[in-house]
Amino acid sequence: MNVRMSRSPDEVEAMQRPDWRWQMSNRITSLERLQEFLPGFTPTAEQIAVSKRYPFAVTPYYASLIERADVSDPIYQMAVPQAAEGIDAPELIRDPLGEHQHSPVPGLLHRYPDRAVLLLNGLCPVYCRHCTRKRFVGIEKGAASDEKITLWADYLRKHPEIKDVILSGGDPLTMSNRRLERVLEAVRSVESVEIIRIGTRIPVLMPMRITPELCELLDRYAPVWVVTHFNHPREVTPLAAEACERLVRAGVPVNNQSVLLRGVNDHPDIMESLCRSLMRNRIRPYYLHQSDIIQGIEHLRTRTSRGVEIMEALRGRLGGLAIPLYVLDLPEGGGKVPILPQYIVSQSPHKTVLRNFEGRLVSYPEPAQLDSPLDTLQRVQRGGIADQLSGVRPKALIPQGYKKPHERGEDD
Ligand SMILES: *Cc1c(COP(=O)(O)O)cnc(C)c1O
Ligand code: SF4
């Protein structure tokens with residue numbers, strides 16, 4: 001195939017119409033209709049079958065970024081169903097992160113002690129083929145009801161250890177400003193909540209949604225942080241960059257999480273170029289995610305060793321601020337774990353030998369003093385290996401009486 005799109009500037013302008021309501025209501029939701037927008041594209045029967053199993057939708061804006069209607073195009077790969085999606089790989093599952101285990105109240109995830117995620121809806125401008133929440137996005141679309149919002153706020157009030165509330169979905173920014181404000185208001189009414197994050201791919205999929213009114217709204221509930229999801233430098237278009245700039249100017253820091261995807265961005269040069277484009281636009285690369293083991297994405301998965309290789313290449317090529325943390329969200333609800341190349345080559349009590357990105361081995365002399373005067377301060381017990389190291393819990397690998405955060409009472 002490899003048909004390069006030839007669109008006239010007028011056609012591109014029409015597809016990129018700067019009106020988000022228009023973009024939402026003119027989403028392309030069938031592969032048959034997509035043909036009108038992608039000259040040379042003919043969906044196969046398998047692709048059509050897959051698009052019925054896992055919902056398909058794409059905004060005219062995002063479709064306009066597709067340059068070739070085949071898998072050599074990263075935007076096509078992320079937006080258009082492929083036959084391989086229909087193949088169920090035996091080790092892949094629907095809810096690999098065990099999110100349901102950590103949900104004390106419908107739509108609220110409490111996995112880490114100080115953070116909670118609210119799943120506001122299941123509606124997205126585009127149904128990304130690599131989506132972790134494929135099990136419900138595009139299927140259960142409804143926006144958070146007043147009832148749910150009240151339940152969430154009650155839970156947050158009962159759990160003052162939650163300081164950081166992450167609004168997610170679906171995409172929270174597909175909701176109207178008014179609905180979104182309901183949520184922001186309710187979350188802010190809980191005094192123990194310090195920061196609100198919004199996880200959204202809107203700057204990538206429908207940047208015209210980032211209106212001055214929305215920015216003003218977010219600023220009113222400050223501090224609000226946006227975490228977005230650019231995967232490829234081609235997504236960092238002038239319109240996307242301007243949308244992020246509006247957020248940053250309104251005092252909303254923008255961070256990015258990418259997903260490592262086979263044939264899309266699993267190459268050091270592409271990742272470097274993505275990180276540079278983000279940094280030029282004041283977007284901080286936060287995480288690079290190893291793919292979750294969800295059904296329907298086997299063809300987009302990359303080996304962890306490839307991720308390590310890429311991280312190895314980025315170190316030294318890019319400044320530290322531009323390098324995301326590579327993380328794997330463990331199956332079975334184990335949570336996120338950072339994965340790094342090995343830098344410590346060897347250790348003795350007196351020296352640590354490390355290698356740098358060039359392969360140079362250098363030893364670092366350790367200080368003679370072992371203890372810190374601060375060791376006399378009582379440590380707050382937080383669980384995990386940190387407690388084992390400090391001797392608070394000398395042996396337990398799994399702390400005795402461990403309770404999931406959502407099962408803990410107020411005195412725990
Ligand atoms: C990723 C995630 C968070 C946020 O984690 P950070 O490392 O703070 O970005 C919170 N809750 C759940 C369930 C998550 O998967
Ligand atoms: S925007 Fe996010 S939640 Fe929605 S389909 Fe894409 S990856 Fe999934």
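Counting starts at 1 for both ligands and their atoms, in listed order. Computation of the quantities below employed the complete heavy-atom set of this structure, encompassing side-chain atoms and omitting hydrogens, waters and symmetry-equivalent molecules.
The distance from ligand 1 to the heavy atoms of Arg115 drops below 4.0 Å at these ligand atoms: 5 (O), 6 (P), 7 (O), 8 (O). In the vicinity of Tyr286, heavy-atom distances shorter than 4.0 Å reach the ligand 1 atoms 6 (P), 7 (O), 8 (O), 9 (O). Close contacts between ligand 1 and Ile166 involve ligand atoms 3 (C), 4 (C), 10 (C) [criterion: under 4.0 Å to a heavy atom]. Residue-ligand proximity, Arg197 to ligand 1, at heavy-atom distances under 4.0 Å covers atoms 4 (C), 6 (P), 8 (O), 9 (O). Atoms of ligand 1 lying under 4.0 Å from any heavy atom of Tyr287, numbered from 1 in the order shown and given with element: 6 (P), 7 (O), 9 (O). Remark: ligand 2 atoms within the under-4.0 Å shell around heavy atoms of Gly170 are 3 (S). Less than 4.0 angstrom separates some heavy atom of Arg111 from each of these atoms of ligand 1: 13 (C). Close approach of ligand 1 to Lys336 is summarised as follows: ligand atoms under 4.0 Å from at least one heavy atom of the residue are 1 (C), 2 (C), 3 (C), 4 (C), 5 (O), 14 (C), 15 (O).
Contact annotation: the side chain of Tyr76 never approaches that of Arg68 to less than 4.5 Å [non-hydrogen atoms, C-beta and beyond]. A 4.5 Å side-chain heavy-atom check between Ile162 and Tyr155 finds at least one atom pair inside the cut-off. A heavy-atom distance below 4.5 Å is not found between the side chains of Phe56 and Gln47.
Heavy atoms of Asp164 found under 4.0 angstrom from ligand 1: none, in either backbone or side chain. Residue-level proximity to ligand 1 for His102 is absent, since no heavy atom of it falls below 4.0 angstrom. At a heavy-atom distance under 4.0 Å, no atom of His289 approaches ligand 1.
Of the protein's heavy atoms, Val117 CG2, 3.3 Å lies nearest to atom 11 (N) of ligand 1. For atom 10 (C) of ligand 1, the closest non-hydrogen atom on the protein side is Tyr112 CD1, 3.5 Å.
A donor-acceptor contact shorter than 3.5 Å is absent between the side chain of Glu191 and the backbone of Arg157. In this structure a side-chain-to-backbone donor-acceptor pair under 3.5 Å is present from Arg355 to Gln342. Under a 3.5 Å cut-off, the side chain of Asp73 and the backbone N or O of Glu67 do form a donor-acceptor pair.
Taking a 4.0 Å cut-off on heavy atoms, Gly169 fails to register as neighbouring ligand 2. Not a single heavy atom of His110 sits under 4.0 Å from any atom of ligand 1.
Listed by chain and number, Cys128 SG are the protein N/O/S atoms closer than 2.8 Å to atom 6 (Fe) of ligand 2, with waters left out.
Using a cutoff of 4.0 Å between basic side-chain nitrogens and carboxylate oxygens, Glu185 and Arg182 are not scored as salt-bridged. Classification of Asp329 and Arg111 as a salt-bridged pair fails, no side-chain N sitting under 4.0 Å from a carboxylate O.
For Arg317, the side-chain hydrogen bond (donor to acceptor under 3.5 Å, both in side chains) partners at least two apart in sequence or on another chain are Asp269, Glu272. Applying the side chain to side chain contact (heavy atoms under 4.5 Å, CB included) test to Ser8 and every residue at least two apart in sequence or in another chain returns Asp10, Glu11.
Crowding of Arg303 atom CZ: a count of heavy atoms from other residues, nucleotides or ligands under 6.0 Å not exceeding 12.
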**OP:** Check the pair His229, His130 against ring-ring contact (aromatic ring centres under 6.0 Å, His included), reporting the backbone distance first and the verdict last.
**Re:** CA-CA 12 Å; His229 175 177; His130 58 273; 5.2 Å; yes
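A salt bridge (charged side-chain N to carboxylate O under 4.0 Å, His left out) check over residues 118-131, counting only residues at least two apart or in different chains, returns the pairs Glu85-Arg129.
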